[in-house]
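To keep things clear, I will list the structure first and then write my remarks on it.
These values consider heavy atoms only, across backbone and side chains, with no hydrogens, waters or symmetry-generated copies.
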Amino acid sequence: DPPPVGPIVDAIILGYPANAPVLSGNVPLARSMLGFSTVNLTGTTQIVAGDSGSLTVYQTQSTTGGVTTSSGGTLNLTTPLLTGTAGAVFDFTAGTAINLLSPAGTTSVSDPQAPLGATLNFTAGSISDSTAIILPSGSLSMTATAPAAAGTGNVALGAGSQIILSGQATRYFDQTSYSWGGTVALESTYGNVTQDPAGLIDVSAANNNAGRIDATATSGSVALNGTI
């Protein structure tokens with residue numbers, strides 16, 4: 001297999017660069033990495049998903065009878081903060097696994113302020129999270145699709161998992177506006193959905209409607225043991 005590939009930088013922004021002209025209609029930016037067993041993206045301060053787009057990681061791809069089949073590939077996103085730009089819609093997909101990791105020696109993000117209304121969707125054979133995901137009034141989905149063999153096919157929220165989609169207060173001159181709580185959807189087709197007791201899922205809101213948490217394990221079990 002080719003060796004793992006990926007940069008280590010201060011911040012990774014998956015979207016249009018700052019001050020860059022945006023294409024008419026906000027054309028989705030589809031990114032694909034093919035031929036690697038593992039792709040590592042490390043943002044030592046943050047990884048930001050911007051605008052409308054996607055990142056797909058597969059190790060192999062073949063076409064038979066006009067039908068393309070993709071498989072394999074692990075995506076590791078290492079950062080103390082994963083967030084999105086205002087109103088962004090971004091899909092992350094990998095054939096084998098997606099792991100959201102916090103860099104060694106870092107502490108949890110203490111300031112949950114972030115742009116409102118971003119949507120992040122993760123789909124892979126297995127998904128694990130042990131870092132902060134902050135999407136105020138946004139939407140987060142994690143879908144694990146692999147058969148439950150040798151511990152695969154699970155959505156696992158670890159001790160460092162801090163999923164914050166709560167409403168946010170925004171000050172406009174002498175007025176304060178309060179946004180709503182976001183939505184979290186956790187799904188395993190064949191495995192389990194688990195949360196460490198030290199984990200957090202927050203969809204609360206002040207002076208507005210709280211959000212929603214859906215957790216589904218079609219053939220396994222759900223155990224949300226952390227703070228909700």
Side-chain angles (χ1 to χ4, degrees), residues 1-9 11-15 28-44 46-84 88-104 118-131 133 139-158 160-161 163 185-194 216-220:
D1 294 341
V5 63
I8 299 176
V9 297
I12 295 176
I13 300 176
L14 301 170
L29 301 176
R31 304 159 182 84
S32 180
M33 303 190 75
L34 178 63
F36 298 96
S37 61
T38 302
V39 173
N40 299 315
L41 299 181
T42 300
T44 57
Q46 63 180 345
I47 294 178
V48 181
D51 307 293
S52 176
S54 62
L55 174 60
T56 302
V57 174
Y58 287 115
Q59 184 175 1
T60 62
Q61 190 175 78
S62 60
T63 301
T64 303
V67 178
T68 299
T69 302
S70 303
S71 63
T74 293
L75 173 61
N76 296 320
L77 300 178
T78 303
T79 184
L81 171 61
L82 179 60
T83 187
V89 178
F90 205 96
D91 299 329
F92 294 90
T93 303
T96 299
I98 295 178
N99 301 308
L100 311 178
L101 308 166
S102 182
T119 295
L120 301 186
N121 303 310
F122 296 89
T123 303
S126 299
I127 299 174
S128 69
D129 172 41
S130 59
T131 193
I133 302 174
S139 177
L140 173 69
S141 72
M142 295 181 175
T143 304
T145 59
T152 64
N154 300 318
V155 175
L157 308 180
S161 175
I163 297 176
L186 309 172
E187 180 179 357
S188 173
T189 305
Y190 301 103
N192 304 315
V193 176
T194 61
T216 305
T218 305
S219 301

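- Rounding to the nearest 0.5 Å places CG of L157 at 8.0 Å from CD1 of I133.
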Criterion side-chain contact (heavy atoms from CB on, under 4.5 Å) on L55 and F90, from CA distance to verdict: CA-CA 8 Å; L55 174 60; F90 205 96; 4.0 Å; yes
CA sep, side-chain torsions, deciding dist, call: Q46, L82, side-chain contact (heavy atoms from CB on, under 4.5 Å): CA-CA 6 Å; Q46 63 180 345; L82 179 60; over 6 Å; no
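- Note that OH of Y190 and OG1 of T218 are 9.0 Å apart. Values are rounded to the nearest 0.5 Å.
- In this structure, CE in M142 is found 10.5 Å from CG in N121, a value given to the nearest 0.5 Å.
- Distance alone, capped at 3.5 Å, places no donor-acceptor pair between the D91 side chain and the T93 backbone.
- No donor-acceptor pair closer than 3.5 Å links the side chain of N154 to the backbone N or O of G191.
- Annotation: the span from N99 atom CG to I127 atom CD1 amounts to 9.5 Å, rounded to 0.5 Å.
- The side-chain heavy atoms of V48 and I12, taken from C-beta on, include no pair separated by under 4.5 Å.
- A distance-only check finds a donor-acceptor pair linking the side chain of T79 to the backbone of L81 [under 3.5 Å].
- For A94, the side-chain contact (heavy atoms from CB on, under 4.5 Å) criterion is met by V57, L75, I98, A124, not counting sequence neighbours.
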Worked check of side-chain contact (heavy atoms from CB on, under 4.5 Å) between L140 and F122: CA-CA 8 Å; L140 173 69; F122 296 89; 3.6 Å; yes
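- Proximity of L186 to T216: side-chain heavy atoms (C-beta onward) are nowhere separated by under 4.5 Å.
- Here the side chain of T131 pairs no donor or acceptor atom with the backbone of L100 at under 3.5 angstrom.
- Q61 and S70 share a side-chain donor-acceptor pair at under 3.5 Å.
- For D129 and S161, the side-chain atoms include at least one donor-acceptor pair closer than 3.5 Å.
- Between I47 and L41, the shortest heavy-atom distance links the atoms CD1-O, 3.8 Å.
- With rounding to the nearest 0.5 Å, the separation of CG in L14 from OG in S54 is 10.0 Å.
- Taking every heavy atom of both residues into account, G53 and R31 meet most closely at CA-NH1, 4.4 Å.
- Nearest heavy atom pair, residue S102 against residue P80, reads OG-CA, 4.3 Å.
- Shortest non-hydrogen contact noted between G153 and A144 is O-CB, 3.5 Å.
- Using a 3.5 Å distance cut-off with no hydrogens or angles, the side chains of T152 and S126 do not pair a donor with an acceptor.
- The distance from atom CG of L77 to atom OG1 of T42, rounded to the nearest 0.5 Å, is 8.5 Å.
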Full working for side chain to side chain donor-acceptor pair (under 3.5 Å) between T96 and T74: CA-CA 5 Å; T96 299; T74 293; 4.5 Å; no
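- Nearest approach of M33 to V39, heavy atoms of both residues: SD-CG1, 3.6 Å.
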